[in-house]
Amino acid sequence: MNLYDVLYSLQKFLTEQTGVRTDIIYDGYTYPKDKPFMTLETLMDERIYRVKRREAVQSIEHIQLSYHAEHFADRTQMADVISDLFTFNKIPLIKADGSDSPIGFFDVKVTAVIPMPAEDLARESEKHRVHFDLEIERIKRRG
């Protein structure tokens with residue numbers, strides 16, 4: 001399970017479950033003008049060596065999901081919907097090579113839900129946002 005497949009799977013899952021455009025942020029990404037939309041962004045990972053001679057490594061990926069709502073009511077309602085999606089579902093792992101068949105499933109842990117005020121009221125893309133801090137645990141084995 002590589003990180004790009006995880007991001008692709010999250011993007012596909014969120015779009016299918018909510019009907020809201022979901023993009024993966026990359027260098028040069030431009031926010032859409034039409035709301036609502038969601039963005040996924042990698043933050044960092046933690047590595048914990050669990051076995052002697054580094055035979056296995058636990059990796060925890062930190063991903064930030066941002067929901068950009070049209071208005072306050074939309075933001076608060078979708079925050080609950082999105083949290084529940086991760087709490088009560090396993091996410092199908094789909095290879096980013098174009099196949100649609102899941103090769104497995106993974107869990108997503110929501111560690112924080114953070115409503116964000118706009119720093120600059122003139123910037124529409126900053127209004128009515130909520131960020132979700134997500135953790136995905138992976139175990140890598142030498143082999």
Side-chain angles (χ1 to χ4, degrees), residues 1-51 54 56-143:
M1 174 164 82
N2 68 48
L3 182 57
Y4 188 70
D5 291 338
V6 168
L7 289 169
Y8 177 78
S9 299
L10 286 170
Q11 178 186 36
K12 191 166 181 60
F13 175 78
L14 288 164
T15 300
E16 288 174 357
Q17 295 296 312
T18 65
V20 175
R21 175 183 174 168
T22 305
D23 295 338
I24 299 170
I25 291 184
Y26 55 87
D27 289 343
Y29 175 80
T30 303
Y31 288 100
K33 294 194 185 316
D34 296 330
K35 290 183 177 184
F37 65 92
M38 288 187 265
T39 57
L40 292 162
E41 183 174 16
T42 58
L43 298 177
M44 63 176 186
D45 71 356
E46 297 175 45
R47 294 176 188 270
I48 303 165
Y49 297 95
R50 295 286 186 197
V51 179
R54 298 183 183 192
V57 177
Q58 175 188 11
S59 173
I60 300 173
E61 301 292 343
H62 295 269
I63 296 171
Q64 185 175 73
L65 167 66
S66 299
Y67 179 69
H68 301 258
E70 291 184 75
H71 46 75
F72 175 77
D74 177 35
R75 186 194 81 190
T76 56
Q77 290 169 351
M78 280 301 287
D80 286 340
V81 168
I82 293 166
S83 293
D84 288 351
L85 282 173
F86 291 130
T87 301
F88 298 112
N89 292 285
K90 287 191 173 289
I91 311 303
L93 178 62
I94 300 171
K95 299 280 289 172
D97 63 8
S99 65
D100 278 340
S101 300
I103 59 171
F105 295 86
F106 62 95
D107 292 314
V108 174
K109 181 179 177 183
V110 177
T111 59
V113 179
I114 309 156
M116 297 297 295
E119 292 176 16
D120 180 358
L121 292 176
R123 293 186 62 184
E124 285 297 319
S125 65
E126 290 187 358
K127 293 180 182 177
H128 311 299
R129 294 175 298 155
V130 60
H131 296 304
F132 300 83
D133 290 341
L134 310 176
E135 286 185 357
I136 299 164
E137 182 180 316
R138 299 186 298 161
I139 304 293
K140 295 181 180 183
R141 292 182 171 71
R142 185 187 308 249

Residue pair Leu3 / Glu61, side-chain heavy-atom distance below 4.5 Å: yes
To the nearest 0.5 Å, what is the distance between CD (Gln58) and CD (Glu137)? 4.0 Å
May I ask you to check whether over 12 heavy atoms, not counting those of Tyr29, lie within 6.0 Å of atom OH? yes
Taken to the nearest 0.5 Å, the spacing of Leu7 CG from Ile136 CD1 works out to 7.5 Å
Should the ring pair His131 and His68 be called parallel, tilted or perpendicular, given that the plane angle runs from 0 to 90° and is split at 30 and 60? perpendicular
Please determine whether side chain to side chain contact (heavy atoms under 4.5 Å, CB included) holds for the pair His62 and Thr111, giving the CA-CA distance in whole Å, both sets of side-chain angles, and the decisive distance to 0.1 Å. CA-CA 10 Å; His62 295 269; Thr111 59; 5.8 Å; no
If every non-hydrogen atom of Gln11 is compared with every non-hydrogen atom of Leu40, which pair is closest and at what distance? N-CD1, 3.7 Å
Taking all non-hydrogen atoms of both residues, which atom of Ser9 and which atom of Ile91 are closest, and how far apart? O-CG2, 4.2 Å
Strictly distance-based, threshold 3.5 Å: is any side-chain N or O of Thr39 a donor or acceptor partner for the main-chain N or O of Ile25? no
Could you tell me whether the side chain of Thr22 and the main chain of Val20 form a donor-acceptor pair under 3.5 Å? yes
Would you check, one step at a time, whether the test side chain to side chain contact (heavy atoms under 4.5 Å, CB included) holds for Thr18 with Met38? CA-CA 10 Å; Thr18 65; Met38 288 187 265; 3.3 Å; yes
Please give me the minimum heavy-atom distance between Pro92 and Phe105, naming the atom from each residue. CA-CD2, 3.5 Å
So that I can tick it off, tell me whether Arg21 and Asp23 are bridged by a salt bridge, with the cut-off set at under 4.0 angstrom between side-chain N and carboxylate O. yes
With a 4.5 Å cut-off on side-chain heavy atoms, are Phe86 and Leu10 touching? yes
First locate atom CE of Met78, then atom CD of Glu70, and finally report the distance between them rounded to the nearest 0.5 Å. 11.0 Å
Inter-residue atom distance Gln64.CD - Glu41.CD, 0.5 Å rounding: 6.0 Å
Atom pair CD1 (Ile24) and OG1 (Thr42), whose distance is rounded to the nearest 0.5 Å: 9.5 Å
Examine distances only and state if a side-chain atom of Asp5 and a backbone atom of Ala96 form a donor-acceptor pair shorter than 3.5 Å. yes
Between Val130 and Met116, does the side chain to side chain contact (heavy atoms under 4.5 Å, CB included) criterion hold? Intermediate values first, please. CA-CA 6 Å; Val130 60; Met116 297 297 295; over 6 Å; no
Can you confirm whether Phe13 sits close enough to Ile94 that some side-chain heavy atom of one is under 4.5 Å from a side-chain heavy atom of the other? no
Separation of Tyr67 OH from Phe132 CZ (nearest 0.5 Å): 9.5 Å
Go through it in stages, so that I can follow the logic: the residues are Asp97 and Tyr8, the test is side chain to side chain contact (heavy atoms under 4.5 Å, CB included), and I'd like the CA-CA distance, side-chain angles, deciding distance and then a yes or no. CA-CA 10 Å; Asp97 63 8; Tyr8 177 78; over 6 Å; no
